[in-house]
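Below is one structure, written out as structure tokens, with a few remarks after it.
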Amino acid sequence: MSSESTGRSTWKSRTGFILAAIGSAVGLGNIWRFSYLAYENGGGAFLIPYIVALLTAGIPLLILEFGIGHERIGSAPLAFRKIGRRWEWLGWWPLLFTMFGIVLYYSVVIAWCVDFMFYSFNLSWGDDPDKFFFESFLNLSSSPTEIGVIQTPILISLFIVWLVSWGIIVRGVSRGVELANRVFMPLLLLLTLVLVFWSVNLEGAMVGISAYLKPDFTKLGDPDVWISAYGQIFFTLSLGFGIMIAYASYMPYNSNMTGSAVITALANCGFSLLSGFGVFAILGFMSVTQNKPLEEVVTQSIGLAFVAYPKAISLIGNAGPLFGVLFFLSLTVAGVSSAISIVEAFVSGAEDKFGINRKKLATLLCVLGFAGSIIFTTNGGLFWLDIVDHFINNYGLVMAGLLECIVVGWFFRLDIIRKHLNKVSKMQLGVWWNWVIKLCLPLFLTVILLNQLVREFSVAYGGYSWASLIGIGWSWIGITFLVSFIFAVQPWKTDNHLAKGRGEEL
């Protein structure tokens with residue numbers, strides 16, 4: 001079947017597709033989450049479980065998602081509808097909790113990056129970035145129930161973020177998403193290389209890099225280290241989002257899908273490793289210039305980007321403002337490229353089923369997205385962000401990936417996808433790949449899920465009240481789960497679901 005006969009939009013080139021897939025995978029977590037995980041879990045020794053996880057889980061599952069989208073020729077809902085009428089809801093569920101969950105708070109974090117990019121010009125955070133971020137910038141309340149008022153600077157930047165996303169998505173796949181990533185990905189790589197080169201030449205940089213890479217092989221005997229490695233691989237490749245299924249569906253018939261999956265996975269992980277050098281070079285610089293042990297300046301996640309880095313930027317001297325602008329610009333670019341992929345995946349699903357005009361659909365989703373994001377710009381917004389992020393990443397995505405493997409592996413002829421991939425790809429998959437999807441991946445994801453559940457019920461996450469965790473976290477998962485069935489039972493307004501896959505005889 002030719003790409004023209006499918007009636008779907010297509011990427012202009014394989015390069016554009018790979019750049020878009022990398023753009024979706026490479027996000028804020030690559031910059032601040034991976035390096036901290038490596039430091040905490042054995043330094044250089046962490047690369048062993050990380051690479052094992054990449055080879056046994058990340059690449060096989062990414063190949064599966066590329067294969068589902070390309071062979072079934074559809075977004076996640078359409079692809080699972082073609083797999084079986086009763087599985088369409090599984091295509092909608094990840095789209096719902098990512099579109100009306102992840103991208104809502106993720107766009108707010110990008111808005112913080114935009115604000116801090118401008119704050120970098122005159123180092124607005126002063127001598128105490130910690131106090132500035134939590135008290136002046138966020139004006140953080142004492143609990144998630146104290147929502148408070150909207151922070152205007154964040155709201156303005158949030159509007160800009162959604163406006164940019166809308167401007168890209170309404171232009172379509174090739175003229176919008178692909179073109180944007182052709183600009184964003186080279187720009188992000190250039191910014192990262194500049195920052196890393198600059199960082200490693202700072203005083204004390206090698207102190208941080210040594211801590212980042214120093215292997216502690218005793219950590220390899222800790223099951224939590226392996227769980228962290230598998231979890232990071234799963235999250236960093238945008239697996240379970242429905243994004244990669246949609247992106248692959250836009251590829252023409254004769255496309256090297258297996259090779260594209262390998263390139264995407266390796267590029268994403270390579271970016272994480274590269275970013276880690278810059279992150280820990282800066283932390284080493286802070287340790288030496290402030291005469292503090294490294295462990296006192298190391299922090300993770302939001303604290304790294306909006307507290308530790310501003311401190312470092314202030315210490316660099318006259319060049320600090322330029323370094324700050326480049327750093328927060330790189331975070332903004334990485335964030336926007338990931339955010340647009342989430343919205344695009346939902347647009348693709350709604351287009352496939354309901355035949356809604358792309359411009360109207362993109363406009364509606366971006367307006368709803370902006371409105372839904374506002375709760376995260378309030379005084380209690382950081383608490384809401386923390387809870388929603390915890391539940392969607394630790395339960396929503398893991399469950400979606402687990403169910404995806406079970407449904408495609410056990411309730412569908414997986415060989416149809418494998419043989420199709422082998423037909424269009426240079427790299428050939430053996431029967432071993434079937435068993436990775438059917439047994440190994442479900443086992444890995446079940447262990448991760450059970451591990452999280454044991455922790456969840458042994459102690460309340462983050463010290464929050466159970467009412468907050470249930471009302472904000474569990475309910476977000478539950479509501480989107482129920483709505484996915486509502487979407488699935490709606491009648492199809494198009495005939496897309498009647499077409500067969502590329503691997504089946506017409």
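Counting begins at 1 with the first residue of the sequence.
When each of Arg72, Arg413, Glu88, Glu71 is paired with Ile83, the side chain to side chain contact (heavy atoms under 4.5 Å, CB included) condition holds for Arg72 and for no other.
Shown here are the ring pair (Phe, Tyr, Trp, His ring centres under 6.0 Å) partners of Phe444, two or more places apart in sequence or in another chain: Tyr230. For Leu55, the side chain to side chain contact (heavy atoms under 4.5 Å, CB included) test picks out Ile51, Ile59, with sequence neighbours left out. The side chain to side chain contact (heavy atoms under 4.5 Å, CB included) test applied to Leu329 returns Met117, Leu191, Val333, not counting sequence neighbours.
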For Tyr50 and Phe34, run ring-ring contact (aromatic ring centres under 6.0 Å, His included): C-alpha distance rounded to whole Å, both residues' side-chain angles, the deciding distance at 0.1 Å, then the answer. CA-CA 10 Å; Tyr50 185 74; Phe34 170 80; 4.8 Å; yes
Is there a side chain to side chain donor-acceptor pair (under 3.5 Å) between Asp352 and Ser75? Walk through the geometry before answering. CA-CA 7 Å; Asp352 279 344; Ser75 59; 2.7 Å; yes
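Put simply, the side chain of Pro77 does not reach to within 4.5 Å of the side chain of Lys353, judged on heavy atoms. In this structure the side chain of Arg175 never reaches within 4.5 angstrom of the side chain of Leu179, judged on heavy atoms. You'll find the side chain of Val170 stays beyond 4.5 Å of the side chain of Arg358, heavy atoms only. Looking only at side-chain heavy atoms (C-beta outward), Leu449 and Thr446 stay at 4.5 Å or farther from each other. The shortest distance between side-chain heavy atoms of Leu397 and Pro94 does not fall below 4.5 Å.
The ring of Trp87 has its center closer than 6.0 angstrom to the ring center of Phe411. For Phe346 and Phe100, the distance between ring centers is under 6.0 angstrom. Between Tyr250 and Phe17, the distance separating the two ring centers is not shorter than 6.0 angstrom.
Judged purely by distance below 3.5 Å, without hydrogens or angles, the side chains of His390 and Gln452 never pair a donor atom with an acceptor atom. Ser272 and Asn30 form a side-chain donor-acceptor contact under 3.5 Å, judged by distance and modelled atom types alone. Between the side chains of Ser13 and Thr15, no donor-acceptor pair of N or O atoms lies under 3.5 Å. In this model, no donor atom of one side chain and acceptor atom of the other lie less than 3.5 Å apart for Ser275 and Arg33. Residues Arg14 and Ser260 have side chains that bring a donor and an acceptor to within less than 3.5 angstrom of each other. Remark: the Ser24 side chain and the Ser338 side chain contain no N/O donor-acceptor pair separated by less than 3.5 Å.
Using bins of under 30°, 30° to 60° and over 60° for the plane-to-plane angle, the ring pair Trp93/Phe481 lands in the perpendicular bin. Aromatic ring pairs are classed by plane angle as parallel below 30°, tilted from 30° to 60° and perpendicular above 60°; the pair Tyr461 and Tyr464 is tilted. Note on ring orientation: taking the six-membered ring where Trp is involved, the planes of Trp474 and Phe457 are parallel (angle under 30°, cut-offs 30° and 60°).
Note that CG of Leu365 is 13.0 Å distant from CH2 of Trp166, once rounded to the nearest 0.5 Å. The distance from atom CD of Glu65 to atom CD1 of Ile68, rounded to the nearest 0.5 Å, is 6.5 Å. The CD1 atom of Ile160 sits 12.5 Å away from the OG atom of Ser107 when rounded to the nearest 0.5 Å. Expressed to the nearest 0.5 Å, how far CG of Leu158 lies from CH2 of Trp112 amounts to 11.5 Å.
Remark: Trp433 CH2 is packed, more than 12 non-hydrogen atoms of other residues, nucleotides or ligands lying under 6.0 Å away.
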